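Have a look at the structure below, then the notes.
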Amino acid sequence: MVRHLYVHVPFCVRRCSYCDFSIAVRKRVPGSEYVHAVLRELDLLRNSPGWANPGAQPRGPEATELETLYLGGGTPSLLPPEALQQLLRGLVHPGLLARGTEVTLEANPEDVTPDSARAWRAAGINRISLGAQSFDDRVLKWMHRSHDAARIGDAVRTLRAAGIENISLDLIFGLPEGLQRDWGRDLDHALALRPTHVSLYGLTVEPRTPLDRWISRGATKLPADDRYAEEYLLAHRRLTADGFRFYEVSNAARDGHRSRHNSAYWSGRPYVGLGPAAHSFDGRARRWNIAAWEAYRRAIAEGRSPVESEETLTEEQRELERIYLGLRTDAGVARDAFPRLSAPLNALLRAGWVVDEGDKIRCAPEGWLRLDALVAKLFVAKELAS
Ligand code: SF4
(Lines give C-alpha, C1' and ligand atoms only; values in the text may rest on other atoms or scores of the structure.)
Protein backbone atom coordinates (compact mmCIF):
# COMPACT_ATOMS: atom_id res chain seq x y z
CA MET A 1 0.00 0.00 0.00
CA VAL A 2 1.42 3.36 -0.99
CA ARG A 3 1.26 6.10 1.58
CA HIS A 4 3.70 8.57 0.02
CA LEU A 5 3.64 9.60 -3.62
CA TYR A 6 6.06 11.95 -5.38
CA VAL A 7 5.50 13.39 -8.85
CA HIS A 8 8.34 15.12 -10.65
CA VAL A 9 7.51 18.01 -12.98
CA PRO A 10 10.69 18.76 -14.98
CA PHE A 11 9.88 22.09 -16.64
CA CYS A 12 11.52 25.45 -15.90
CA VAL A 13 11.44 28.73 -17.81
CA ARG A 14 15.21 29.14 -17.49
CA ARG A 15 18.14 27.55 -15.68
CA CYS A 16 19.23 29.08 -12.36
CA SER A 17 22.95 29.77 -12.17
CA TYR A 18 23.64 27.08 -9.55
CA CYS A 19 21.24 24.34 -10.72
CA ASP A 20 22.34 21.03 -12.24
CA PHE A 21 18.96 19.27 -12.07
CA SER A 22 17.76 17.46 -15.14
CA ILE A 23 15.20 20.02 -16.27
CA ALA A 24 13.47 20.81 -19.55
CA VAL A 25 13.61 24.54 -20.25
CA ARG A 26 10.32 25.52 -21.89
CA LYS A 27 8.56 28.81 -22.50
CA ARG A 28 5.33 26.86 -22.87
CA VAL A 29 4.82 23.75 -20.79
CA PRO A 30 3.30 20.74 -22.61
CA GLY A 31 0.78 20.29 -19.80
CA SER A 32 -1.60 17.71 -21.17
CA GLU A 33 1.17 15.66 -22.79
CA TYR A 34 2.98 15.58 -19.46
CA VAL A 35 -0.12 14.62 -17.47
CA HIS A 36 -0.96 11.89 -19.95
CA ALA A 37 2.58 10.46 -19.64
CA VAL A 38 2.54 10.42 -15.83
CA LEU A 39 -0.88 8.78 -15.63
CA ARG A 40 0.24 6.23 -18.21
CA GLU A 41 3.29 5.49 -16.03
CA LEU A 42 0.94 4.89 -13.14
CA ASP A 43 -0.98 2.37 -15.26
CA LEU A 44 2.27 0.64 -16.24
CA LEU A 45 3.28 0.42 -12.58
CA ARG A 46 -0.08 -1.00 -11.60
CA ASN A 47 0.49 -3.85 -13.99
CA SER A 48 4.10 -4.54 -13.07
CA PRO A 49 4.63 -7.39 -10.62
CA GLY A 50 6.87 -7.30 -7.61
CA TRP A 51 6.91 -3.60 -6.85
CA ALA A 52 4.89 -1.50 -4.44
CA ASN A 53 1.79 -0.67 -6.38
CA PRO A 54 0.71 2.96 -6.28
CA GLY A 55 -2.32 1.83 -8.21
CA ALA A 56 -3.65 0.25 -5.05
CA GLN A 57 -6.71 2.25 -5.93
CA PRO A 58 -5.57 5.86 -5.65
CA ARG A 59 -8.23 6.41 -8.29
CA GLY A 60 -10.93 4.33 -6.70
CA PRO A 61 -13.53 5.34 -4.15
CA GLU A 62 -12.11 2.89 -1.62
CA ALA A 63 -8.76 4.56 -2.16
CA THR A 64 -5.62 3.67 -0.31
CA GLU A 65 -4.52 5.56 2.77
CA LEU A 66 -2.34 8.03 0.92
CA GLU A 67 -0.77 10.30 3.54
CA THR A 68 1.26 12.63 1.38
CA LEU A 69 1.51 13.70 -2.23
CA TYR A 70 4.38 15.95 -3.29
CA LEU A 71 4.65 17.71 -6.65
CA GLY A 72 8.31 18.70 -7.03
CA GLY A 73 10.57 19.80 -9.80
CA GLY A 74 11.61 21.59 -11.87
CA THR A 75 8.82 24.08 -11.43
CA PRO A 76 5.47 22.35 -10.89
CA SER A 77 3.72 25.73 -10.60
CA LEU A 78 4.36 26.18 -14.34
CA LEU A 79 1.78 23.50 -15.11
CA PRO A 80 -1.42 25.16 -16.34
CA PRO A 81 -4.03 24.91 -13.54
CA GLU A 82 -6.31 22.71 -15.64
CA ALA A 83 -3.42 20.26 -16.28
CA LEU A 84 -2.67 20.20 -12.56
CA GLN A 85 -6.32 19.50 -11.76
CA GLN A 86 -6.39 16.72 -14.32
CA LEU A 87 -3.19 15.25 -12.83
CA LEU A 88 -4.51 15.27 -9.27
CA ARG A 89 -7.86 13.82 -10.32
CA GLY A 90 -5.99 11.05 -12.13
CA LEU A 91 -3.71 10.27 -9.22
CA VAL A 92 -5.97 10.48 -6.22
CA HIS A 93 -9.64 10.24 -5.53
CA PRO A 94 -10.85 13.72 -4.49
CA GLY A 95 -12.47 12.29 -1.36
CA LEU A 96 -9.07 11.12 -0.23
CA LEU A 97 -7.61 14.61 -0.33
CA ALA A 98 -10.36 15.81 1.94
CA ARG A 99 -9.28 13.28 4.57
CA GLY A 100 -6.12 15.14 5.52
CA THR A 101 -3.60 14.07 2.92
CA GLU A 102 -0.73 16.57 2.83
CA VAL A 103 -0.55 17.78 -0.78
CA THR A 104 2.47 19.97 -1.52
CA LEU A 105 3.19 21.97 -4.65
CA GLU A 106 6.60 23.54 -5.25
CA ALA A 107 5.98 26.99 -6.68
CA ASN A 108 8.00 29.92 -7.89
CA PRO A 109 6.69 33.31 -6.72
CA GLU A 110 5.99 34.63 -10.21
CA ASP A 111 3.53 31.79 -10.88
CA VAL A 112 1.34 32.66 -7.90
CA THR A 113 -1.66 34.72 -9.03
CA PRO A 114 -5.13 34.96 -7.48
CA ASP A 115 -6.46 32.64 -10.20
CA SER A 116 -3.68 30.05 -9.96
CA ALA A 117 -3.80 30.02 -6.15
CA ARG A 118 -7.60 29.50 -6.15
CA ALA A 119 -7.28 26.74 -8.76
CA TRP A 120 -4.55 24.98 -6.75
CA ARG A 121 -6.64 25.12 -3.58
CA ALA A 122 -9.68 23.79 -5.44
CA ALA A 123 -7.55 20.95 -6.85
CA GLY A 124 -6.58 19.89 -3.32
CA ILE A 125 -3.19 21.55 -2.83
CA ASN A 126 -2.89 22.46 0.86
CA ARG A 127 0.83 23.18 1.21
CA ILE A 128 3.14 25.33 -0.91
CA SER A 129 6.91 25.22 -0.94
CA LEU A 130 7.88 28.61 -2.33
CA GLY A 131 11.26 29.16 -4.01
CA ALA A 132 12.11 32.52 -2.43
CA GLN A 133 15.93 32.06 -2.15
CA SER A 134 16.69 35.73 -1.29
CA PHE A 135 14.96 39.07 -0.78
CA ASP A 136 17.72 41.01 -2.56
CA ASP A 137 17.03 41.82 -6.22
CA ARG A 138 20.75 41.91 -7.06
CA VAL A 139 21.17 38.42 -5.65
CA LEU A 140 18.08 37.06 -7.40
CA LYS A 141 19.40 38.42 -10.69
CA TRP A 142 22.78 36.79 -10.09
CA MET A 143 20.97 33.50 -9.43
CA HIS A 144 19.08 33.84 -12.73
CA ARG A 145 15.84 33.65 -10.80
CA SER A 146 12.79 34.79 -12.69
CA HIS A 147 11.16 36.74 -9.83
CA ASP A 148 12.08 39.86 -7.90
CA ALA A 149 11.95 40.28 -4.13
CA ALA A 150 8.58 42.05 -4.09
CA ARG A 151 6.92 39.03 -5.73
CA ILE A 152 7.71 36.82 -2.75
CA GLY A 153 5.56 38.78 -0.30
CA ASP A 154 2.84 39.17 -2.93
CA ALA A 155 2.83 35.42 -3.47
CA VAL A 156 2.52 34.63 0.25
CA ARG A 157 -0.41 37.06 0.67
CA THR A 158 -2.12 35.74 -2.45
CA LEU A 159 -1.80 32.14 -1.26
CA ARG A 160 -3.28 33.02 2.12
CA ALA A 161 -6.16 34.88 0.51
CA ALA A 162 -6.89 31.71 -1.48
CA GLY A 163 -6.96 29.63 1.72
CA ILE A 164 -3.48 28.08 1.58
CA GLU A 165 -1.92 28.81 4.96
CA ASN A 166 0.77 26.14 5.11
CA ILE A 167 3.63 27.90 3.33
CA SER A 168 7.29 26.94 3.34
CA LEU A 169 10.03 29.29 2.11
CA ASP A 170 13.26 28.05 0.47
CA LEU A 171 16.34 30.18 1.15
CA ILE A 172 19.91 29.79 -0.12
CA PHE A 173 22.91 30.72 2.02
CA GLY A 174 26.68 30.57 1.59
CA LEU A 175 26.77 32.84 -1.46
CA PRO A 176 29.98 34.26 -2.96
CA GLU A 177 31.69 36.97 -0.91
CA GLY A 178 31.63 39.42 -3.80
CA LEU A 179 27.82 39.59 -3.76
CA GLN A 180 27.87 41.08 -0.25
CA ARG A 181 24.58 39.47 0.47
CA ASP A 182 23.13 40.40 3.87
CA TRP A 183 21.96 37.02 5.18
CA GLY A 184 20.56 38.46 8.41
CA ARG A 185 18.39 40.87 6.43
CA ASP A 186 17.10 38.05 4.26
CA LEU A 187 16.20 36.03 7.35
CA ASP A 188 14.34 39.04 8.76
CA HIS A 189 12.35 39.41 5.54
CA ALA A 190 11.51 35.72 5.53
CA LEU A 191 10.35 35.71 9.16
CA ALA A 192 8.26 38.85 8.63
CA LEU A 193 6.13 36.83 6.20
CA ARG A 194 5.29 34.34 9.01
CA PRO A 195 5.89 31.11 7.04
CA THR A 196 5.07 27.82 8.74
CA HIS A 197 8.26 26.20 7.50
CA VAL A 198 11.68 27.19 6.17
CA SER A 199 14.14 25.12 4.11
CA LEU A 200 17.78 26.22 3.92
CA TYR A 201 20.13 25.30 1.12
CA GLY A 202 23.87 25.91 1.32
CA LEU A 203 25.15 26.86 -2.13
CA THR A 204 27.27 24.15 -3.71
CA VAL A 205 29.12 24.26 -7.01
CA GLU A 206 27.84 21.59 -9.34
CA PRO A 207 29.75 20.69 -12.51
CA ARG A 208 28.71 22.30 -15.79
CA THR A 209 26.52 24.98 -14.20
CA PRO A 210 26.99 28.70 -14.95
CA LEU A 211 28.31 29.04 -11.37
CA ASP A 212 30.92 26.36 -12.05
CA ARG A 213 32.08 28.27 -15.14
CA TRP A 214 32.21 31.59 -13.27
CA ILE A 215 34.34 30.01 -10.57
CA SER A 216 36.64 28.25 -13.07
CA ARG A 217 37.48 31.50 -14.79
CA GLY A 218 37.92 33.34 -11.49
CA ALA A 219 34.90 35.60 -11.94
CA THR A 220 33.44 34.55 -8.58
CA LYS A 221 34.58 32.89 -5.39
CA LEU A 222 32.62 30.93 -2.80
CA PRO A 223 32.78 32.02 0.85
CA ALA A 224 35.30 30.55 3.25
CA ASP A 225 34.11 27.66 5.42
CA ASP A 226 33.83 29.84 8.50
CA ARG A 227 31.39 32.26 6.83
CA TYR A 228 29.31 29.35 5.58
CA ALA A 229 29.20 28.03 9.16
CA GLU A 230 28.34 31.46 10.61
CA GLU A 231 25.39 31.86 8.25
CA TYR A 232 24.08 28.37 8.98
CA LEU A 233 24.33 28.90 12.74
CA LEU A 234 22.81 32.40 12.49
CA ALA A 235 19.79 30.87 10.74
CA HIS A 236 19.48 28.35 13.59
CA ARG A 237 19.52 31.09 16.21
CA ARG A 238 17.09 33.41 14.41
CA LEU A 239 14.59 30.73 13.47
CA THR A 240 14.71 29.02 16.86
CA ALA A 241 14.15 32.38 18.60
CA ASP A 242 11.12 32.90 16.36
CA GLY A 243 9.47 29.63 17.43
CA PHE A 244 10.79 27.26 14.77
CA ARG A 245 12.33 23.92 15.52
CA PHE A 246 14.99 22.40 13.28
CA TYR A 247 13.80 18.87 12.75
CA GLU A 248 16.30 18.09 9.97
CA VAL A 249 19.69 19.46 8.99
CA SER A 250 18.13 21.93 6.50
CA ASN A 251 14.51 22.18 7.60
CA ALA A 252 12.76 24.09 10.36
CA ALA A 253 9.06 24.16 11.15
CA ARG A 254 6.57 25.71 13.52
CA ASP A 255 4.63 23.24 15.69
CA GLY A 256 2.52 20.89 13.62
CA HIS A 257 4.04 21.97 10.31
CA ARG A 258 6.86 19.55 9.63
CA SER A 259 6.85 18.27 6.07
CA ARG A 260 5.16 14.91 6.47
CA HIS A 261 6.31 13.90 3.01
CA ASN A 262 10.01 14.59 3.51
CA SER A 263 9.82 13.15 7.02
CA ALA A 264 8.71 9.88 5.40
CA TYR A 265 11.92 9.87 3.33
CA TRP A 266 14.04 10.58 6.38
CA SER A 267 12.47 7.83 8.42
CA GLY A 268 13.10 5.26 5.66
CA ARG A 269 9.45 4.70 4.75
CA PRO A 270 8.54 3.40 1.28
CA TYR A 271 7.41 5.83 -1.40
CA VAL A 272 6.61 5.82 -5.08
CA GLY A 273 7.86 8.43 -7.54
CA LEU A 274 6.36 9.18 -10.95
CA GLY A 275 7.73 11.35 -13.76
CA PRO A 276 11.21 11.84 -15.23
CA ALA A 277 14.06 11.44 -12.72
CA ALA A 278 11.64 10.35 -9.98
CA HIS A 279 12.91 7.83 -7.41
CA SER A 280 10.93 5.09 -5.65
CA PHE A 281 11.77 2.99 -2.60
CA ASP A 282 10.00 -0.09 -1.28
CA GLY A 283 11.93 -0.35 1.99
CA ARG A 284 14.58 -2.59 0.47
CA ALA A 285 15.18 -1.56 -3.15
CA ARG A 286 15.42 1.83 -4.76
CA ARG A 287 14.79 2.58 -8.40
CA TRP A 288 14.79 5.68 -10.52
CA ASN A 289 13.42 6.86 -13.83
CA ILE A 290 15.13 8.18 -16.93
CA ALA A 291 15.91 11.82 -16.14
CA ALA A 292 15.46 13.55 -19.51
CA TRP A 293 11.87 14.55 -20.29
CA GLU A 294 12.04 13.62 -24.01
CA ALA A 295 13.49 10.16 -23.33
CA TYR A 296 10.94 9.58 -20.56
CA ARG A 297 8.09 10.70 -22.81
CA ARG A 298 9.25 8.37 -25.61
CA ALA A 299 9.54 5.37 -23.29
CA ILE A 300 6.01 5.90 -22.00
CA ALA A 301 4.60 6.48 -25.51
CA GLU A 302 6.12 3.17 -26.61
CA GLY A 303 4.66 1.36 -23.61
CA ARG A 304 8.09 0.75 -22.07
CA SER A 305 8.96 1.17 -18.42
CA PRO A 306 10.72 4.52 -17.82
CA VAL A 307 12.84 2.98 -15.05
CA GLU A 308 16.51 3.58 -15.76
CA SER A 309 18.02 1.49 -12.99
CA GLU A 310 17.51 0.01 -9.57
CA GLU A 311 19.58 -1.16 -6.63
CA THR A 312 18.82 -3.42 -3.71
CA LEU A 313 20.40 -2.30 -0.46
CA THR A 314 22.43 -4.80 1.55
CA GLU A 315 21.79 -5.12 5.27
CA GLU A 316 24.98 -3.13 5.92
CA GLN A 317 23.90 -0.33 3.56
CA ARG A 318 20.51 -0.20 5.24
CA GLU A 319 22.16 0.08 8.65
CA LEU A 320 24.41 2.90 7.41
CA GLU A 321 21.41 4.63 5.88
CA ARG A 322 19.37 4.28 9.09
CA ILE A 323 22.15 5.94 11.07
CA TYR A 324 22.70 8.65 8.45
CA LEU A 325 18.99 9.47 8.20
CA GLY A 326 18.58 9.39 11.97
CA LEU A 327 21.39 11.88 12.41
CA ARG A 328 19.98 14.15 9.70
CA THR A 329 16.87 14.57 11.83
CA ASP A 330 16.09 15.35 15.43
CA ALA A 331 15.01 11.71 15.83
CA GLY A 332 18.70 10.87 16.22
CA VAL A 333 20.00 7.32 16.58
CA ALA A 334 19.02 4.92 19.34
CA ARG A 335 21.62 4.82 22.09
CA ASP A 336 21.78 1.03 21.89
CA ALA A 337 23.37 1.37 18.43
CA PHE A 338 26.43 2.41 20.46
CA PRO A 339 26.57 -0.14 23.29
CA ARG A 340 29.71 1.36 24.82
CA LEU A 341 30.95 4.91 24.58
CA SER A 342 34.10 4.72 22.53
CA ALA A 343 36.78 7.37 22.37
CA PRO A 344 35.61 8.84 19.02
CA LEU A 345 32.04 9.17 20.25
CA ASN A 346 33.26 10.81 23.44
CA ALA A 347 35.28 13.24 21.37
CA LEU A 348 32.17 14.17 19.34
CA LEU A 349 30.20 14.71 22.55
CA ARG A 350 32.94 16.91 24.00
CA ALA A 351 33.17 18.91 20.75
CA GLY A 352 29.43 19.59 20.96
CA TRP A 353 28.70 17.97 17.60
CA VAL A 354 26.30 15.44 19.13
CA VAL A 355 24.08 15.41 22.19
CA ASP A 356 23.56 12.33 24.36
CA GLU A 357 19.89 12.23 25.39
CA GLY A 358 20.13 8.98 27.31
CA ASP A 359 18.11 6.81 24.96
CA LYS A 360 19.45 8.41 21.79
CA ILE A 361 22.28 10.38 20.23
CA ARG A 362 21.30 13.31 18.06
CA CYS A 363 23.15 16.02 16.17
CA ALA A 364 23.65 19.51 17.54
CA PRO A 365 23.67 22.33 14.91
CA GLU A 366 27.51 22.20 14.91
CA GLY A 367 27.26 18.51 14.03
CA TRP A 368 24.69 19.10 11.28
CA LEU A 369 27.17 21.54 9.74
CA ARG A 370 29.63 18.67 9.36
CA LEU A 371 27.21 15.82 8.93
CA ASP A 372 29.22 13.67 6.51
CA ALA A 373 32.39 13.83 8.58
CA LEU A 374 30.36 13.18 11.71
CA VAL A 375 28.68 10.07 10.30
CA ALA A 376 32.09 8.72 9.26
CA LYS A 377 33.45 9.29 12.77
CA LEU A 378 30.40 7.72 14.41
CA PHE A 379 30.79 4.67 12.26
CA VAL A 380 34.29 4.28 13.57
CA ALA A 381 32.86 4.73 17.06
CA LYS A 382 30.21 2.10 16.44
CA GLU A 383 32.73 -0.38 15.06
CA LEU A 384 35.00 0.13 18.07
CA ALA A 385 32.12 -0.20 20.51
CA SER A 386 30.59 -3.36 19.10
S1 SF4 B 1 13.66 26.77 -10.73
FE2 SF4 B 1 14.59 25.14 -9.47
S3 SF4 B 1 14.76 23.35 -10.81
FE4 SF4 B 1 14.39 25.15 -12.14
S5 SF4 B 1 16.42 25.81 -12.77
FE6 SF4 B 1 15.90 26.99 -10.94
S7 SF4 B 1 16.72 25.78 -9.18
FE8 SF4 B 1 16.70 24.45 -11.02
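All values below come from the heavy atoms of this structure, side chains included, with hydrogens, waters and symmetry mates left out. Nothing here was measured: the structure is a model prediction, and the numbers come from that model. Each ligand, and each atom within it, is numbered from 1 in the order the structure gives. Counting from 1, the numbers follow the sequence of the chain as shown.
- Glu165 and Arg194 are not joined by a salt bridge, as no carboxylate oxygen comes within less than 4.0 angstrom of a charged side-chain nitrogen.
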Take Thr75 and Val9 through the side-chain contact (heavy atoms from CB on, under 4.5 Å) test and state the conclusion after the steps. CA-CA 6 Å; Thr75 313; Val9 186; over 6 Å; no
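- The aromatic ring centroids of His144 and Trp214 lie less than 6.0 Å from each other.
- Between Arg258 and Asp330 there is a salt bridge, since at least one side-chain N of the basic residue sits less than 4.0 Å from a carboxylate O of the acidic one.
- In this structure, Arg227 does not pair ionically with Glu230, as no charged nitrogen and carboxylate oxygen lie closer than 4.0 Å.
- Within the protein, the number of N/O/S atoms found under 2.8 Å from atom 6 (Fe) of ligand 1 is 1.
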Contacts table for residues 290-301: side-chain donor-acceptor under 3.5 angstrom, sequence neighbours left out:
unit_1	atom_1	unit_2	atom_2	d
Glu294	OE1	Arg297	NE	3.0
Glu294	OE1	Arg297	NH2	3.0
Glu294	OE2	Arg26	NH2	3.4
Tyr296	OH	Glu41	OE1	2.7

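- Among Gly74, Gly73, Pro10, the residue whose heavy atom sits closest to atom 2 (Fe) of ligand 1 is Gly74.
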